[in-house]
Amino acid sequence: MLFRSKFRPFGQFPPQLPAPKPAISSAAAAAADELLIDSSTSKNPVREILTLAKRGNRPLFLPSNRTRVDRQSRGAGKDGNFMDWEVARTRFEDARLARLETCHALAREGRLKEINSVLKQMLHEEGSGSAPSLCELLQNNFRDCDSCSIVWDVLANVYAQLEMIHDALYVLSKMDSLNMQASISTYDSLMYNLRHTDMVWDIYKEIRARGVTHSEYTYNILIDSLCKQQRLQDAISFFQDVHGRKEVKPFIITFNTLMSGLCNAGLVEVAKSILSLILKYGLRPDRYSYTTLIHRLCAAGSMEEALKLFEDMEKDGILLDVVAYNILINGYRLLGLMSEVWKLIKMMIFQGLKPDLVTYTILITGHCEKGDVEEGLRVRREVIARGIQLNIVAYSVLLNALFKKGQIGEVHQLLDEIEAIGLHMDLVAYSILIHGYCKLGEIERALQVCQMMCSKQVMPNSFTHGATLSSLCKKGMLVEARWYLDNLVGSGLMVDIILYNIVIDGYAKIGDVDGALELYEQILKLGLSLTIVTYNTLIFVFCKIEKLTVAEHFLRQIELNGINPTVVTYTTLMDAFVGAGNTDSMLRMFNEMIEKAIMPNVITYSVVMKGLCKQGRLQKAIDILKDMHISGVQIIYFETII
DNA sequence: GTAGGGTTAG
């Protein structure tokens, strides 16, 4: 039983909240307490020893025949069964030197890929923060040899690939002081791993200042980075600027990247125009160009257009592959058209293509979304019978569906299965568990899952915490919710506006204006951007305590801040005006939203009816009811209100 | 560089 048996009893609140990704593993953290490290279960005992040593501890090394570190093993240190720390350290240093020597030997033969894999393994074990000591080792032991600059360059490159950016930059600065030039491939790696930040431009400036020739990937990374940072206009300008230069050969990936950025921003029409641009530059769209567009069209529900492009792709001589089919199949799943999903699966089989795990996952998702988890589970059995093992994505879909149906017994069965086949739970899978337990009101269990994922180095994100927070709020445990939020903020974790919105809403529901306002001020101090949800919630809290002038003041504030009020904003205010017996103000709000072309929904209409009926203005109520019919709003809700 | 899973407000 994955989660039942391993949970420690949860006796205290608040629990220990996840800290930012620690420099050492949980095994090392546990060992720090006991000064013992289990070499058989620890992934990287040497690294852990070093980390402990830095903290002034003198850890002992458990021989590999021990399987567990537990309280009883503490005494085992006395029987001489442990390796001495000094011995371990010397062996470690020797091993490092031997590996670097191997790298230099490989460099002399120009075997770059192999250096890359040796260093990747080594740096993976060494962890971040290891650059200074490795550089020292390189500098002291491998001077004045031709192969040196290659090894240094690959070292910086691998640090960048492993996203140990500070280490990569450290190696580059050392190389600079030793008059060695990094290769464009290393700069590319660094830029790629910094693509979510503005730092890419500093690296690009450096490349240009040093006169290093760009690779075909360099511009692609920069355009991708601008798209990822939602700077589409800049991406387009940069693209035009680059392609205006004679020395730059057009490269299909760069076109596709820009197209992908445009698609993600919802600019499908502009993205489509890139297809003709590709031809204009003398290139041909490849399968990525087509599938990127098809994917976007499917996501938008434009299946006809997607199918047309699918045919164009085939006409263009590009063989349809499983990915292209899966994109289309998923498009039909999104529309809930399972019969079409089956048709396409048959079609792909007819074309000689084998549905893969992604195809089956889409199929399972479709069944689950229709509420037929049994059918989803049946597909799972069929897939397994065909010799395909499900991955964590497919299991997540099923877990989520089972939680929604409250089939907790089946949830635990699947968790056992996941454990039995040795699959690792990832961030989404854990988040589904946390959400599921929260929805069932089992918040303690949710918190235990949170602790468990942290101990496995899977760090919760905003979504994960959101579930816990909203669950605490729903239970009215505002003190605990606030404590949880404060801890997230205090531990320097990324806290976004959604988490604040959830807790503000919690305060709003219990009518605690002070709590809500305190958080509002905190948001302003932190410089987070308020969303319409924040404002709606604040309006709600003032409505709740019957301060309607203040509530309406927020509505004006929203507009001043350039945010568009929604149907929720107006409905909240209207409901409050009805409650206060002020039907005229309610109608004023109603007319205002109509003028702004904000579509009223069922709840809005029910509020209007409630107000008018309360005042006995039945004719007006009937008139609005007719409008409601015309605009196609369902009447069911209204009847229940009357 | 293209495909499949989780989330907030009335």
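Numbers restart at 1 for each chain; the letters A, B, ... are given by sequence-line order, proteins then strands.
Residue-to-nucleotide contacts include a donor-acceptor pair under 3.5 Å from the side chain of T291(A) to the base of dT2(B). A donor N or O paired with an acceptor N or O is found under 3.5 Å between the base of dG6(B) and the side-chain atoms of N461(A). For D224(A) against dG1(B), a side-chain-to-base donor-acceptor contact under 3.5 Å is absent. For a distance-only test at 3.5 Å, the side chain of S396(A) qualifies as a donor-acceptor partner of the base of dG5(B).
Nearest to the side-chain atoms of V428(A) among the listed nucleotides dA9(B), dA3(B), dG6(B) stands dG6(B). Relative to the side chain of V533(A), the nucleotides dA9(B), dG6(B), dA3(B) differ in distance, and dA9(B) lies closest. Of the candidates dG10(B), dG5(B), dT2(B), the closest approach to any side-chain atom of V393(A) belongs to dG5(B).
The environment of Q230(A) atom CD is sparse: at most 12 non-hydrogen atoms of other residues, nucleotides or ligands sit within 6.0 angstrom. Atom CD of Q351(A) has more than 12 neighbouring heavy atoms from other residues, nucleotides or ligands inside a 6.0 Å radius.
When the C1' atom of dG6(B) is taken as reference, atom CE of M453(A) falls 11 Å away, rounded to whole Å. Residue N601(A) contributes atom CG, which lies 13 Å from atom C1' of dA9(B) at whole-angstrom precision. Rounding to whole angstrom units, OH of residue Y290(A) and P of dA3(B) are separated by 18 Å. Counting to the nearest Å, the P atom of dT8(B) and the CD1 atom of I502(A) are 7 Å from each other. The CD1 atom of I392(A) sits 14 Å away from the C1' atom of dG4(B) (whole-angstrom rounding). One can place CD1 of I434(A) at 16 Å from P of dG6(B), the figure rounded to the nearest angstrom. Atom CG in L530(A) sits about 15 Å away from atom C1' in dT8(B), given to the nearest Å. The CG-P distance, from L415(A) to dG5(B), rounds to 20 Å in whole Å.
Residue Y192(A) places at least one side-chain N or O closer than 4.0 Å to OP1 or OP2 of dG1(B). Close to dG1(B), at under 4.0 Å from its OP1 or OP2, lies no side-chain N or O of R195(A). Regarding contacts with the backbone of dA3(B), a side-chain N or O of H295(A) is found under 4.0 angstrom from either OP1 or OP2. Taking side-chain N and O atoms only, K509(A) has a distance below 4.0 Å to OP1 or OP2 of dG10(B). Taking side-chain N and O atoms only, N400(A) has no distance below 4.0 Å to OP1 or OP2 of dG5(B).
Both the sub-6.0 Å distance and the 45° axial angle are satisfied by R195(A) relative to the ring of Y192(A).
Using a 4.0 Å heavy-atom criterion, one finds that I432(A) contacts the sugar-phosphate atoms exclusively. Nucleic acid contact for A324(A): none, since no nucleic acid atom lies under 4.0 Å from a heavy atom of the residue. N536(A) comes within contact range of at least one nucleobase, with a heavy-atom separation under 4.0 Å.
Contact check for V607(A) versus F577(A): no side-chain heavy atoms found under the 4.5 Å cut-off.
T257(A) pairs in a side chain to side chain donor-acceptor pair (under 3.5 Å) with only one of the listed residues (D224(A), T292(A), N220(A)), which is N220(A). Shown are Y219(A), F251(A), F238(A), F255(A); of these, the ring pair (Phe, Tyr, Trp, His ring centres under 6.0 Å) with H243(A) is made only by F255(A).
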